[in-house]
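So the structure is just underneath, and the comments pick up after that.
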Amino acid sequence: MLLFVASFMPKRLSCITALLAGIAATSSCGEANNNNFTANGMPINPLCLALTYDSSFTPYLDEPDDLNINRVLDLNACNVSTTKGSMTVNPKEAGCPRTLEKGGKDFASYSFPWGANDNYDMNQRKGCLSYEYIGKSKSGIDVLHVRSFGGGTGQFSNIILVKRIPMKRYNFDEKLGHQWDEENFIGLLNVGEIWGGDRASGSFLEINLTGNRLNGTRYSPDNNATGGTKRVNFSFQLP
């Protein structure tokens with residue numbers, strides 16, 4: 001089991017965290033791998049994924065005012081601004097288990113203290129975000145199965161569609177003689193969602209991606225969340 005807990009540092013040094021974690025890093029701070037769900041050689045934190053569709057998670061960032069989820073999310077900044085919880089790659093603990101019977105590739109989870117207090121005490125009741133990377137569609141969309149729960153009884157299952165976009169930021173620097181300092185970064189943009197459900201009521205069990213089509217099995221949305229057993233097949237055409 002590999003554990004990565006990022007410490008905060010300035011944005012321009014964010015790629016160094018990949019080296020500190022013992023992962024092969026790219027030479028640029030603006031590279032995304034199309035074969036897995038990483039940015040700059042590092043697994044993307046599930047918290048960064050959640051921030052593209054739920055603003056309630058912003059307090060868990062070290063600098064919550066630094067990122068605007070209504071715009072393209074800066075992964076270089078987000079991945080090193082998540083120290084109020086902990087990310088685990090391929091975790092085995094019961095708190096955030098794998099849930100797909102078939103279909104997931106890369107897997108990562110982010111555990112956080114439920115009811116975020118000023119101390120962010122990880123010894124109190126924990127919540128969890130996790131994703132299983134399904135793959136990239138023919139149209140270039142990253143498909144992920146996301147599970148989330150905040151320490152209560154609900155355990156929610158959804159399919160999230162995002163795009164990783166190589167971008168440039170231009171910072172005006174008078175010290176350089178009124179020139180623009182160029183900075184590469186990976187942007188994360190939420191482009192769609194397929195809501196599943198809570199536990200045995202709608203949760204996805206198997207997800208397969210072929211071209212631009214998703215198919216597999218899920219619990220029937222008509223089931224009771226705590227005791228349903230009926231399964232149904234699904235098939236969705238992606239944009």
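Quick note: residue numbers are just sequence positions, from 1.
By the 4.5 Å heavy-atom criterion applied to side chains, Glu132 and Ile207 are not counted as neighbours. Residues Leu61 and Cys78 are in side-chain contact: their nearest non-hydrogen atoms beyond the backbone lie under 4.5 Å apart. Put simply, the side chain of Ser111 reaches to within 4.5 Å of the side chain of Ser86, judged on heavy atoms. Inter-residue side-chain proximity for Leu100 and Ile134 is flagged as met; some heavy-atom pair is nearer than 4.5 Å. Between Asn158 and Glu193 the shortest side-chain heavy-atom distance does not fall below 4.5 Å. Under the 4.5 Å side-chain criterion, counting only non-hydrogen atoms from C-beta, Leu129 is in contact with Phe112.
Here the straight-line distance linking atom CG of Asn190 with atom CG of Leu161 works out to 7.5 Å at 0.5 Å rounding. Taking OG of Ser109 as the reference point, atom CG of Leu47 lies at 12.0 Å (rounded to 0.5 Å). Note that CD1 of Ile44 is 8.0 Å distant from CD1 of Ile186, once rounded to the nearest 0.5 Å. Taking OG1 from Thr38 and CG from Asp106, the interatomic distance works out to 7.5 Å, rounded to the nearest 0.5 Å. In this structure, Asp142 CG and Leu209 CG are separated by 10.0 Å, a value rounded to the nearest 0.5 Å. Taking OG of Ser56 as the start and CG of Leu51 as the end, the distance is 8.5 Å to the nearest 0.5 Å.
For Asp222, there are no side chain to side chain donor-acceptor pair (under 3.5 Å) partners at least two apart in sequence or on another chain. Considering only residues two or more places apart in sequence or on other chains, Arg231 meets the salt bridge (Lys or Arg N to Asp or Glu O under 4.0 Å) condition with Glu101.
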Original post:
Step by step, would you call Ile194 with Phe236 a side-chain contact (heavy atoms from CB on, under 4.5 Å)?
Top reply: CA-CA 9 Å; Ile194 302 173; Phe236 306 125; 3.8 Å; yes
**OP:** May I have the step-by-step check of side-chain contact (heavy atoms from CB on, under 4.5 Å) for Ser203 and Arg147, ending in yes or no?
**Re:** CA-CA 9 Å; Ser203 291; Arg147 295 280 294 194; 3.3 Å; yes
Original post:
What's the verdict on side-chain contact (heavy atoms from CB on, under 4.5 Å) for Tyr131 and Ile160, showing C-alpha distance, side-chain angles and the deciding distance?
Top reply: CA-CA 9 Å; Tyr131 65 73; Ile160 304 298; over 6 Å; no
**OP:** Decide yes or no on side-chain contact (heavy atoms from CB on, under 4.5 Å) for Val162 and Arg164, but give the supporting numbers first.
**Re:** CA-CA 7 Å; Val162 297; Arg164 286 169 290 166; 5.6 Å; no
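For the ring pair (Phe, Tyr, Trp, His ring centres under 6.0 Å) with Phe204, the lone residue among Phe156, Phe234, Tyr219 that qualifies is Phe234.
Lys138 and Asn212 make their closest contact through N-OD1, 3.0 Å (heavy atoms, listed as atom of the first residue, atom of the second, distance). Across every non-hydrogen atom of Met87 and Pro46, the tightest pair is SD-CD, 3.7 Å. For the residue pair Asn223 and Ser201, the shortest heavy atom distance occurs at O-OG, 3.1 Å. The shortest non-hydrogen separation linking Ser139 to Pro239 is OG-O, 2.8 Å. Residues Leu49 and Thr52 share a closest heavy-atom pair of O-OG1, 2.7 Å. Heavy-atom minimum distance, Ile159 versus Val143: CG2-CG1, 3.8 Å.
Neither Leu205 nor Val232 shares a network with the other; the hydrophobic side chains, linked directly or stepwise wherever heavy atoms of I, L, V, M, F, W or Y lie under 4.5 Å apart, form separate groups for each.
Lys84 places a side-chain N or O within donor-acceptor distance of the main-chain N or O of Pro59, the cut-off being under 3.5 Å. A donor-acceptor pair under 3.5 Å is formed between the side chain of Asn79 and the backbone N or O of Asn45.
Side-chain atoms of Arg213 and Ser235 form a donor-acceptor pair, as typed in the model, at a separation below 3.5 Å.
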